[in-house]
Colleague: 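I have a structure I would like to understand better, so I am pasting it below and will then ask my questions one at a time.
Any value given below was found using the heavy atoms of this structure, including those in side chains, with hydrogens, waters and symmetry copies removed. Predicted model, so just to flag it, every value in this text is computed and none were measured. In what follows, residues are counted from 1 in the order of the sequence shown.
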Amino acid sequence: IAGLSRESFPELPEMPDTLATLPVSLLAQMIGKTIFAISSEESRFTLNGALLILRESGLVMVATDGHRLAMVEKRIELPGLEAPFRALLPRKAMSEIQKLANDDPSKQIEFSGNDNHLFFRIDKRLLLSRKLTGNFPDYERVLPKEHPHSIVLQREELKAAIERVAQFADERSKAIRVRIEKDEFRVHSSISDQGESEESIPVTYDDEPLEIGFNAQYLADFLRSVDQNEVEFHFKDVNSAGELRPHGATEDTVYRYVVMPMRL
């Protein structure tokens, strides 16, 4: 077998002292709630991964492609963490961590990082990843401060309705109309040369009717990522971002998903 000399193989960096040790299943769950919001445009390299923050109160992971933003915060004690740590974790590394978690979800993962690399160690396996460079957007400015309106919907019912209606959405924009009126949540789509589709879901709502355009794929991505039976939809007006959250989530976990509206 023809090969290369040992000296030609790149030198692997040594893993620095461990910053934090946490359940690999927890990290994988956070990745599952954010990885779909990462930008697929290679030119926007700072958005080709997720922002990972370790601080005294726990972990934060944020991903955005400029049209939507997924943020999950897990309150957990991180003994030994001396100072907050921020890094941009590439999508490929996130996928590899999910694979490691699938092998044995009960394992603990040791995490560390230096100026250029991130390190994830489970037993004798060590995953090295280069950090993404650049400045991640200020996600806290994107998160809405308040919503005048909110409704609660059954997750499976909403997901099924959106998936059916989306079959008549434009293939490129995937735009659907969401209309909220008295005790009713309606989703509608139409293609001039093929037809149209509309579904109605009963909800508790007693305010001014409102119609907002959204990308159906963006809504469906969130609904596939949550475990709760009900979700909350928060909104303001046709020009403001909508927000989805799990309903009845535990106090130690915050999951917010912000979606920009589309012009109809």
Colleague: Should the heavy atoms of other residues, nucleotides or ligands under 6.0 Å from CG of D252 be counted, would the total exceed 12?
Modeller: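 Buried by this count: over 12 neighbours within 6.0 Å.
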Colleague: If you draw a 6.0 Å radius around CZ in R130, do more than 12 non-hydrogen atoms from other residues or ligands fall strictly inside?
Modeller: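 No, the 6.0 Å shell around CZ holds no more than 12 heavy atoms from other groups.
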Colleague: Within the 3.5 Å criterion, strictly below it, is a donor on Q98 or N102 matched to an acceptor on the partner's side chain?
Modeller: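 No.
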Colleague: Does the ring centre of Y257 sit less than 6.0 Å away from the ring centre of Y255?
Modeller: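 Ring centres of Y257 and Y255 not closer than 6.0 Å.
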Colleague: Verify salt bridge (Lys or Arg N to Asp or Glu O under 4.0 Å) between R91 and E96, making sure each step is shown before the conclusion.
Modeller: CA-CA 9 Å; R91 181 206 298 266; E96 293 300 322; over 6 Å; no
Colleague: As a quick check of understanding, evaluate salt bridge (Lys or Arg N to Asp or Glu O under 4.0 Å) for R55 and E73, giving each step before the final call.
Modeller: CA-CA 11 Å; R55 51 194 183 201; E73 180 177 359; 3.7 Å; yes
Colleague: Under the side chain to side chain contact (heavy atoms under 4.5 Å, CB included) test against K182, which residue among D207, D206, V203, T204 passes?
Modeller: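 One option only clears the test, and that one is D206.
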Colleague: Salt-bridged, D221 to R68, with N to O below 4.0 Å?
Modeller: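 Yes.
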Colleague: More than 12 heavy atoms of other residues, nucleotides or ligands under 6.0 Å from CD of Q108: yes or no?
Modeller: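 Yes, because the 6.0 Å sphere around CD of Q108 holds more than 12 heavy atoms from other groups.
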Colleague: Would you mind checking if R256 and E232 are paired as a salt bridge, meaning a charged N to carboxylate O distance below 4.0 Å?
Modeller: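 Between R256 and E232 there is no salt bridge, as every charged N stays at least 4.0 Å from the carboxylate O atoms.
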Colleague: Where do F111 and L27 land on the side chain to side chain contact (heavy atoms under 4.5 Å, CB included) test, with the steps shown first?
Modeller: CA-CA 11 Å; F111 170 75; L27 192 56; over 6 Å; no
Colleague: Check the pair E181 / R186 against side chain to side chain contact (heavy atoms under 4.5 Å, CB included), numbers first and verdict last.
Modeller: CA-CA 8 Å; E181 50 193 35; R186 289 164 52 196; 3.2 Å; yes
Colleague: At what distance, to the nearest 0.5 angstrom, does CD1 of I151 lie from CD1 of I180?
Modeller: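 Here the interatomic distance stands at 5.5 Å.
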Colleague: Surrounding CD of E77 (heavy atoms of other residues, nucleotides or ligands, distance under 6.0 Å), is the total greater than 12?
Modeller: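 Count not over threshold, so no.
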Colleague: Going by atom types only, do T21 and E110 share a side-chain donor-acceptor pair under 3.5 Å?
Modeller: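 No, E110 and T21 have no side-chain donor paired with an acceptor closer than 3.5 Å.
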Colleague: With the threshold set at 4.0 Å, does a side-chain nitrogen-carboxylate oxygen contact exist between R155 and D227?
Modeller: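 Answer for the salt bridge query: no.
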Colleague: Taking all non-hydrogen atoms of both residues, which atom of L88 and which atom of G134 are closest, and how far apart?
Modeller: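 So the two residues come closest at CD1-O, 3.7 Å.
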Colleague: Assess the residue pair K131 and D115 against the criterion (salt bridge (Lys or Arg N to Asp or Glu O under 4.0 Å)); give the C-alpha distance rounded to whole Å, side-chain angles, the decisive distance to 0.1 Å, and a yes or no.
Modeller: CA-CA 8 Å; K131 282 183 180 178; D115 292 340; 5.5 Å; no
Colleague: Tell me if the NZ atom of K145 is crowded by more than 12 foreign heavy atoms within 6.0 Å.
Modeller: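 Yes, the 6.0 Å shell around NZ holds more than 12 heavy atoms from other groups.
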Colleague: Would you kindly confirm whether L127 and I109 end up in one hydrophobic cluster when ILVMFWY residues are joined by side chain heavy atoms under 4.5 Å apart?
Modeller: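 Yes, L127 connects to I109 through the hydrophobic network.
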Colleague: Same cluster for V24 and I35 if Ile/Leu/Val/Met/Phe/Trp/Tyr side chains link at under 4.5 Å?
Modeller: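 As far as the 4.5 Å side-chain criterion goes, I35 and V24 are connected within one cluster.
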Colleague: Any salt bridge between E243 and K236, counting N to O under 4.0 Å?
Modeller: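 A salt bridge is absent here (no side-chain N lies under 4.0 Å from a carboxylate O).
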Colleague: Give a yes or no on whether the ring-centroid distance for F222 and F36 is below 6.0 angstrom.
Modeller: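 Ring-ring flag for F222/F36: false, centres at least 6.0 Å apart.
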Colleague: Just checking, is any N or O donor in the side chain of K74 or T253 under 3.5 Å from an acceptor N or O on the other one?
Modeller: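 Yes.
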Colleague: Mark yes when over 12 heavy atoms from residues, nucleotides or ligands other than D138 sit less than 6.0 Å from its CG; otherwise mark no.
Modeller: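 Counting neighbours around CG of D138, more than 12 heavy atoms of other residues, nucleotides or ligands fall under 6.0 Å, so yes.
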